[in-house]
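Structure first, then comments.
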Amino acid sequence: MRKKITGKVTLDGPVELNKTLIVEGTVTQPEEVKAKILALFQRPEVKFILAHNAKKGCFSCRITRD
């Protein structure tokens, strides 16, 4: 089953301007998921990753930095 990996970034600022932005969305084969997660976390603006099932779009998990 393929997983959809989405990296997100939170911008700090006044409350009305605080937003979470999608910085990248991709569909990844199971054997490529770990490498994609590590690559997204190489980007300092990515604070967490939301993983979804690619076929049905169901939320799988939130992946955060150590």
Could you pull out the closest heavy-atom pair between [X] and [Y], with the gap in Å?
X     : Y     : value
His52 : Leu50 : CD2-O, 3.7 Å
Ala54 : Val27 : CB-CG1, 4.0 Å
Ile63 : Phe41 : O-CZ, 3.6 Å

I'd like to know if Phe48 and Phe59 are part of one continuous hydrophobic network [Ile/Leu/Val/Met/Phe/Trp/Tyr, side-chain heavy atoms within less than 4.5 Å].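 Yes; tracing contacts between hydrophobic side chains, which count when under 4.5 Å, links both residues.
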Going through the distances and angles, do Glu31 and Lys36 end up as a salt bridge (charged side-chain N to carboxylate O under 4.0 Å, His left out)? CA-CA 10 Å; Glu31 63 275 6; Lys36 187 60 183 179; over 6 Å; no
Answer yes or no: is there a side-chain heavy-atom contact under 4.5 Å between Leu40 and Gln42?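 The answer is no, as the side chains (C-beta and beyond) never meet within the 4.5 Å cut-off.
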Can you tell me how far the CD atom of Glu24 sits from the CD1 atom of Ile49, to the nearest 0.5 Å?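 If we round to the nearest 0.5 Å, Glu24:CD and Ile49:CD1 are 9.5 Å apart.
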Could you check whether any side-chain N or O of Arg65 sits under 3.5 Å from a backbone N or O of Val46, counting only pairs where one atom can act as donor and the other as acceptor?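 Side chain of Arg65 to backbone of Val46, a donor-acceptor pair under 3.5 Å: yes, one is there.
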